[in-house]
Every structure is written in C-alpha cells, then in structure tokens.
Novice: 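Below: one structure in structure tokens.
Every chain is numbered from 1 and lettered A, B, ... according to where its sequence line falls, protein lines coming before strand lines.
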Amino acid sequence: MSKSRLRFAPSPTGSPHIGNIRTAVFDYLYARHTGGTFILRVEDTDRTRYVEGSLEEMMKGLRWIEMQWDEGPEVDGGYGPYFQSERLEIYHKYAQQLVDEGKAYYCYCTRERLEEMRKAQEAAKLPTGYDRRCRELSADEREACAAENPHPVIRFAMKREGRTEFDDIVRGRVGFDNALQDDFVMIKADGFPTYHFASIVDDHLMQITHVVRGEEWLSSAPKHIQLYEAFGWEAPLWVHLPLILDTTGKKLSKRSGVSTSFYDYILQGYLPDAMLNFLATMGWSSGEDRKLYSREELIEKFTLEGIVNHPAIFDLAKLNDLNGEYIRMTPVEELAKMILPRLQEAGYVSQSPSDEEMRYLIEITTLNRDRMVTLGDAPDLVSFFYADDFVYEEKGVKKHLAKETTPAILKSVIEKLASVETWDTESIDAAVREGGLAVGVEGGRVIHPVRMAITGRTWGPGLFDLMQVIGKDRCIARLHRAEEFSSREISMS
RNA sequence: GGCCCCGUCGUCUAGCGGUCCAGGACAUCGCCCUCUCACGGCGGAGAUCGAGGGUUCGAAUCCCUUCGGGGCUACCA
C-alpha cells in the first residue's frame with residue numbers, strides 16, 4: 001500500500017485562522033502517524049482577496065507550532081509548483097480536455113444575467129443555480145455569444161439525474177440528488193481556476209490520498225466527485241472535519257468574543273505544544289480519559305476514526321488550563337528564556353542580559369511559574385521585582401496600609417531586618433515575625449502590611465522568598481517608602 | 001426556501017445492545033495546605049443521553065418521526 005499524502009491548502013487571504021490551523025493539525029498528525037507526507041499548497045486563485053504577507057504569516061505560524069511541511073513553498077518535493085497561481089497552464093490543459101470531451105462548456109452569461117436569474121429563482125422559491133443556458137449552444141450561437149462576451153467562463157456539466165454518493169470517513173455514506181447540483185464554474189473569466197477545479201486537479205497530480213477539510217465543504221463534495229469521475233481518476237478518501245463554533249453556537253468569527261487569529265494566541269503567549277494539544281483534542285479523541293498528550297503521543301495515537309462528527313465550541317478556559325499545565329512542565333531555565341523577550345520589551349531586562357540578570361530572572365521565574373497562565377502574564381506578574389516605584393493596590397491600602405498600627409509595625413520590621421546578617425528566607429522569616437511581635441502583632445497582621453510594602457499587592461509568591469530574591473537594601477527601602485506612605489494616609493483621613 | 005450535517009453534565013468528550021439510574025477533563029462550589037494569590041490534594045453539585053414513537057427480555061447505543069442547532073446555496077475559498 002502506498003504512503004499517505006495529505007495537503008494543507010490555505011488561501012493567502014489574511015492572517016491564519018485558528019480553524020485552518022486546526023485542520024492543518026489533523027493533516028500533520030495523520031501524515032506523521034502513518035509515516036506519510038505533509039504538504040503545504042497555496043490556493044491563491046482569487047486575486048481579489050489576496051493579502052500580501054499572509055502566506056509568510058501562515059508559514060511562520062506552522063513553524064511556530066512545529067508542523068514543518070515536507071513539500072510546499074521553500075521545500076520542493078517533486079510535485080510542484082505548490083502555488084496554484086503558477087499552475088495555470090495545467091488547469092487550462094485539463095479544462096480543455098473536459099471541454100473537448102463534452103464534459104464542460106464555455107458559458108457566456110454575464111454576471112448581470114446570473115444575478116437576475118438568481119433573484120427570480122429566489123422570488124419563486126426555487127433552488128438557486130445556473131440554468132445551463134450555455135450548456136447546449138450550437139456552433140452559431142456560440143459564435144454570437146462570443147462576440148458579445150469575449151471572456152467566457154468554463155462550466156462543468158454536472159449529471160442531471162441520479163445521485164452522487166460517497167463515503168466520508170467521519171460521517172459515513174453521504175448522498176446528494178444530482179438534479180439539485182449546479183454547473184459550477186471551473187475556470188473564471190480572468191483565466192484563474194476556481195477552488196473546485198484547481199484542488200481536484202492538484203490533489204490528483206500531487207497524489208493526495210486523504211482530503212481533510214472543514215465541514216463547510218461537505219455540500220460541494222458532489223462537484224469534486226463528479227470531476228474525478230469525468231477524468232476517470234480515483235478519488236481520495238474524504239474527511240470532513242466538524243466545525244469550531246463560538247459560545248453562541250455559530251461558526252467561530254471576529255464577533256465571537258474570542259480571537260480567531262492564530263497569531264493572537266502566539267502573541268498572547270500560549271505554548272506551541274499546549275496549542276497543539278488543545279487543537280488536536282477539539283474534534284478528536286483517543287478514547288482515553290486523558291487531557292495531556294505530548295506531540296509524540298498525539299502522533300502515535302491519532303487516527304481518523306477518533307475524529308468526532310459534531311461541532312465543538314471553542315473553550316478558552318480549557319486552553320488556559322492546558323497552557324498553565326505546559327508552563328508548569330517547562331523547566332525554569334527554559335521558561336525564563338521564553339519570557340525574557342517580554343521582560344525586555346517591558347524594559348525590565350537589558351537587551352543583552354548579564355549573567356547576573358539571568359540568574360535573577362531564573363529566581364523570579366521559579367517564584368512565579370505557578371501563577372502564569374500565558375507567557376503574556378509575566379511582565380505584570382514580575383513587575384515589582386524590577387520596579388521600585390509601583391503603585392499600591394487600592395484595596396490593599398485600605399486593608400493593610402491605612403491602619404493606625406501600620407507605621408509602627410513597619411518601623412519595627414525595618415529595625416529587625418536591618419540587623420539580619422545572612423539574607424536567607426529563614427532569617428527574613430524570623431526577623432519579620434519578631435518585628436511584628438515587638439509591637440504586639442503576629443502572623444498575617446504583620447506579613448500583609450509588609451507584603452504591601454514590598455510588592456504593592458495583596459497577593460503573590462511567598463513573602464520571604466520574594467524578599468530574599470529582591471534583596472535586603474531594596475526591601476528596607478521599600479519598607480521606608482511604605483511607612484511614609486502609611487503615615488500620610490492616616491493623617492489625611 | 002432547498003439540500004446536507006449534527007444533537008450525552010455550562011464546555012470538550014468517553015460510550016459503539018446488558019458491567020451506565022452514564023465515566024473523565026475544563027469551568028463552578030466546598031474543605032485541606034497556607035502569610036496572600038496561585039499550584040497541589042480531597043470532596044460536592046451538575047446530563048431523565050434534544051423529544052416522541054417503535055424493535056428487543058433489555059437502548060445513550062438499532063429504526064422511524066419530530067424539534068432544535070449549524071453548514072452550503074458566488075466567475076470566495
């Protein structure tokens with residue numbers, strides 16, 4: 001049996017969509033699972049929707065999630081070119097073949113006429129579709145039409161009777177009445193092929209074995225099947241993936257509350273493997289009660305039979321949970337490197353960090369890892385490790401700094417801390433508690449004001465740990481600052 | 001409107017005639033850990049398997065009908 005060949009065929013019409021990447025994930029996983037080939041093909045047949053740079057973004061996105069294609073742009077595999085815009089002669093040749101065989105025909109109808117026809121059909125509550133006016137033109141008629149419209153399209157002559165049926169891997173047998181099918185356009189007036197035609201010619205020429213695509217393509221499958229029959233080619237296996245919906249049950253879109261742009265997730269700081277895990281388990285299940293899969297496990301376990309047939313709602317909470325898991329599984333040194341660029345951008349770390357800066361970063365990362373949902377959380381989470389002039393959190397001020405007793409507590413803690421010789425967590429712990437005891441408070445009553453003084457917030461890593469990392473001098477300076485602030489607050493009220 | 005697909009806890013799903021008065025995960029709630037938040041641990045609530053008919057000794061699982069949701073209906077993909 002020959003090797004599987006799957007293609008991911010996006011069109012460069014904008015920033016990569018999360019749903020498209022999910023389709024790519026399935027292509028990639030199955031290709032790898034079967035030891036086959038993962039192909040990237042660019043369906044740039046619509047010149048009006050072409051967006052500069054979107055292919056580059058797509059390739060960057062695929063590489064980011066570590067799904068390198070075996071054939072496609074920048075990787076010649078012998079079946080190219082992989083840009084449909086560079087395959088125009090091929091399409092024309094095959095289109096002409098069908099015309100010559102009477103299986104396709106030139107259509108001279110204007111857009112205006114088509115538009116009117118559609119309106120009339122809708123008004124009469126009839127199924128819309130081309131009325132096949134040009135399907136059986138005589139030579140004379142054709143000549144007359146050609147004079148009227150020098151840029152005809154080529155339409156495929158669909159069967160008018162019977163049914164077109166096929167087996168879909170995820171849905172089983174699916175069938176459509178041929179009488180309801182449309183004589184679709186194969187070659188547009190500008191000479192470019194439509195998706196329906198180009199993808200079939202290419203899939204055949206590139207020896208694609210499985211067509212994996214979204215369910216929105218299911219109803220146009222009869223066109224594709226009949227095209228294969230007309231050419232006498234063997235059709236690939238069909239795999240129509242369930243759609244990804246938003247929380248209102250509609251196809252995921254801009255207005256869905258969550259972003260559909262794959263890039264947004266990269267920017268936000270989701271990890272490639274978390275994203276892969278998330279995307280793979282949306283519409284596919286191994287049958288086990290499991291949530292974490294490594295890339296290798298995904299490849300090993302992925303089967304077409306595991307694809308579910310009902311749509312899935314995009315659940316950001318689940319993605320967040322997964323990402324947190326992956327962040328916690330990442331070794332600190334590595335995690336530190338991952339958040340480094342974000343901290344540099346925030347101005348916390350220099351462009352070429354010294355060893356000292358990196359050591360500090362790693363200590364901070366260790367302390368904050370459990371609280372990170374995405375890498376994007378890092379700058380805010382660690383801000384007080386770098387900036388001394390932070391603003392005190394409003395509710396913490398009320399609770400811990402605006403109290404009559406606070407200045408005395410802080411003063412006492414400063415005193416005890418000042419005499420600490422070995423700045424480790426045990427000594428800090430002891431000093432802070434002693435400082436509280438000296439003025440008659442203990443536990444949280446002393447720790448909370450100190451935390452506010454050191455971090456400006458009511459929550460965060462263990463106080464003594466973070467103080468140890470921040471250092472003695474800075475801690476004492478912050479305590480002084482808070483003490484002054486506290487006295488001011490009290491006198492003002 | 002027509003055609004097609006889908007329908008198990010709020011969400012992702014397991015389930016493929018009996019071991020299911022339905023299991024796991026996320027979210028949610030409570031408890032524990034604890035200086036706080038988070039992590040972690042434990043526990044709870046949450047689905048009459050969209051509904052109604054069959055078939056069968058027995059159905060979430062098979063059949064029919066019905067309702068609901070979605071997709072497509074372009075010289076876009």
Novice: Within 45° of the axis and under 6.0 Å from the centre of the six-membered ring of A/Phe83, does NZ or CZ of A/Arg87 qualify?
Specialist: no

Novice: May I ask you to verify if any side-chain N or O of A/Asn368 is less than 4.0 angstrom from the OP1 or OP2 atom of B/C39?
Specialist: no

Novice: Before accepting this row, confirm whether a basic side-chain N of the pair A/Glu115/A/Arg118 lies closer than 4.0 Å to the acidic partner's carboxylate O.
Specialist: yes

Novice: What closest approach, in Å, do A/Tyr228 and A/His204 show between heavy atoms, and which atom pair accounts for it?
Specialist: OH-N, 4.1 Å

Novice: What's the shortest heavy-atom distance between A/Leu463 and A/Val450, and which atoms?
Specialist: CD2-CG1, 3.8 Å

Novice: Using a 4.0 Å heavy-atom cut-off to protein, can you give one letter per nucleotide of nucleotides 18-30 of chain B, 5' to 3': B if the base is in contact, S if only the sugar-phosphate is, - if neither?
Specialist: -----BSSS----

Novice: Which value, in whole Å, describes the distance between the P atoms of nucleotides B/G18 and B/A27?
Specialist: 33 Å

Novice: B/G54 and B/A22: how far apart are their C1' atoms, nearest whole angstrom?
Specialist: 23 Å

Novice: Is the shortest side-chain N to carboxylate O distance from A/Arg49 to A/Asp46 below 4.0 Å?
Specialist: yes

Novice: State the CH2-CZ distance between A/Trp284 and A/Phe302, to the nearest 0.5 angstrom.
Specialist: 7.0 Å

Novice: Could you tell me whether a side-chain N or O of A/Asp246 sits under 3.5 Å from a main-chain N or O of A/Thr248, the two making a donor and an acceptor?
Specialist: yes

Novice: Are A/Glu165 and A/Ile225 close enough, and set up right, to give a side chain to side chain contact (heavy atoms under 4.5 Å, CB included), and what steps lead you there?
Specialist: CA-CA 8 Å; A/Glu165 297 193 338; A/Ile225 310 268; over 6 Å; no

Novice: Does A/Arg328 have a side-chain nitrogen or oxygen under 4.0 Å from the phosphate oxygens OP1 or OP2 of B/G40?
Specialist: yes

Novice: Would you mind building the protein contact string for nucleotides 67-77 of chain B? One character per nucleotide, 5' to 3', B for base within reach (heavy atoms under 4.0 Å), S for sugar-phosphate only, - for untouched.
Specialist: ---BBSSSBBB

